[in-house]
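See structure below.
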Amino acid sequence: ADKVPIAVKDNIDVKDMITSAGSLALENNLITQDAFLVTKLKQNNYFIIGKTNLSEWANFRSTGSVSGWSSLGGQTLNSYGRNLNPCGSSSGSAVAVKDGLVEVAIGTETNGSISCPASVNGIVGIKPTVGLVSRHGIVPISSTQDTTLLSTKKITIQSDENMCDIKSSTQIDLSSIFLNISIYYY
């Protein structure tokens with residue numbers, strides 16, 4: 001089967017790539033080991049095509065920081081207008097999906113980096129329960145809030161015996177969204 005190209009936020013370790021968190025201080029931080037999540041993605045037929053821009057240090061560098069800006073990558077632009085906020089530290093992942101550079105991107109969230117970029121870019125953002133997906137190999141902000149996220153344009157969740165029927169219940173187990181659920185994108 002063909003490998004699925006995917007982009008990851010530049011605070012997630014990918015072997016033989018730089019993980020900078022958007023900061024000039026880490027511009028030469030060449031990684032020698034994949035983050036746990038990246039290892040699992042690669043084992044499940046995903047190919048890391050590149051890194052996405054982010055708000056420097058995932059927007060935890062000052063109280064007046066700008067969404068989507070980093071000293072290394074510059075300003076992430078909202079596809080709907082340069083004067084519009086791309087919203088959230090994972091804005092690069094959301095814009096990459098919105099603009100069709102990739103069908104799927106991975107970002108991270110501490111406080112709003114899923115719902116905000118997804119909503120302003122018209123894509124789907126899925127936030128797993130904090131702690132459900134390993135944070136090993138991800139630049140940390142908060143051990144009680146950090147999680148990874150999936151951004152894509154459209155998804156179809158395929159039910160099985162371990163999940164609730166979407167039509168008859170609002171409780172859906174998305175705990176294995178990254179590894180075990182077939183994701184169909186259009």
Side-chain angles (χ1 to χ4, degrees), residues 4-14 17-23 26 35 37-38 41 46 48-133 135 137-142 144-157 172 174 177-178 181 183-186:
V4 178
I6 188 170
V8 298
K9 186 175 174 179
D10 190 21
N11 65 344
I12 301 171
D13 289 346
V14 179
M17 289 186 175
I18 302 292
T19 295
S20 72
S23 175
L26 295 177
L37 171 63
V38 170
L41 288 166
Y46 289 90
I48 311 302
I49 198 165
K51 298 282 196 99
T52 61
N53 195 30
L54 67 153
S55 304
E56 190 166 337
W57 297 108
N59 229 8
F60 278 82
R61 67 185 187 284
S62 78
T63 57
S65 59
V66 176
S67 275
W69 182 88
S70 70
S71 59
L72 191 60
Q75 180 64 53
T76 301
L77 299 176
N78 184 314
S79 301
Y80 292 110
R82 292 176 177 250
N83 61 328
L84 300 174
N85 187 345
C87 204
S89 69
S90 293
S91 57
S93 295
V95 169
V97 169
K98 159 58 178 98
D99 287 351
L101 300 174
V102 291
E103 294 290 329
V104 180
I106 302 295
T108 62
E109 174 175 305
T110 302
N111 183 22
S113 292
I114 294 170
S115 57
C116 193
S119 68
V120 302
N121 286 286
I123 64 167
V124 176
I126 297 176
K127 176 184 178 179
T129 302
V130 173
L132 190 61
V133 178
R135 295 182 300 256
I138 299 174
V139 177
I141 300 295
S142 168
T144 60
Q145 290 179 259
D146 289 350
T147 190
T148 58
L149 67 99
L150 170 72
S151 296
T152 188
K153 288 186 180 180
K154 295 181 181 179
I155 63 169
T156 300
I157 301 172
I172 303 169
L174 297 177
I177 189 74
F178 291 106
I181 296 175
I183 301 174
Y184 302 93
Y185 38 91
Y186 311 90

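If you take NZ on Lys9 and OG on Ser91, they are separated by 8.0 Å, rounding to the nearest 0.5 Å. Going from atom CG of Asn121 over to atom CG of Asp99 covers 7.5 Å, rounded to the nearest 0.5 Å. For the atom pair CG of Asn78 and OG of Ser67, the computed distance is 11.0 Å after rounding to the nearest 0.5 Å. Put simply, CD1 on Ile12 and CD1 on Ile48 are 8.5 Å apart, with the number rounded to the nearest 0.5 Å.
For Asn11, the side-chain hydrogen bond (donor to acceptor under 3.5 Å, both in side chains) partners two or more places apart in sequence, or in a different chain, are Thr108. Thr19 pairs by the side chain to side chain contact (heavy atoms under 4.5 Å, CB included) definition with Asp10, Asp13, Asn29, Ile31, Lys51, Val139, not counting sequence neighbours.
Side chain of Ser90 to backbone of Gly107: no donor-acceptor contact under 3.5 angstrom is found. Side chain of Ser119 to backbone of Cys116: a donor-acceptor contact under 3.5 angstrom is found. Judged by distance alone, with hydrogens and angles left aside, the side-chain atoms of Glu56 form no donor-acceptor pair with the main-chain N or O of Ser89 at under 3.5 Å. With hydrogens and angles ignored, the 3.5 Å screen pairs no side-chain donor or acceptor of Asn53 with any backbone N or O of Trp69.
By the 4.5 Å heavy-atom criterion applied to side chains, Ser70 and Gln75 are not counted as neighbours. By the 4.5 Å heavy-atom criterion applied to side chains, Leu37 and Ile106 are counted as neighbours. Looking at heavy atoms from C-beta onward, Leu26 lies in side-chain contact with Trp57 at the 4.5 angstrom threshold.
Contact detail for Val102 and Ile49: the closest heavy-atom pair is CG1-CG2, 3.7 Å. Pairing each heavy atom of Cys87 with each of Pro117, the nearest pair is O-CG, 2.8 Å. Of all heavy-atom pairs between Val38 and Val14, the closest is CG2-CG2, 4.0 Å. Taking all atoms of both residues into account, the shortest heavy-atom contact from Ser55 to Val66 is OG-O, 3.9 Å.
Under 3.5 Å, the side chains of Ser93 and Thr52 contain a donor-acceptor pair of N or O atoms.
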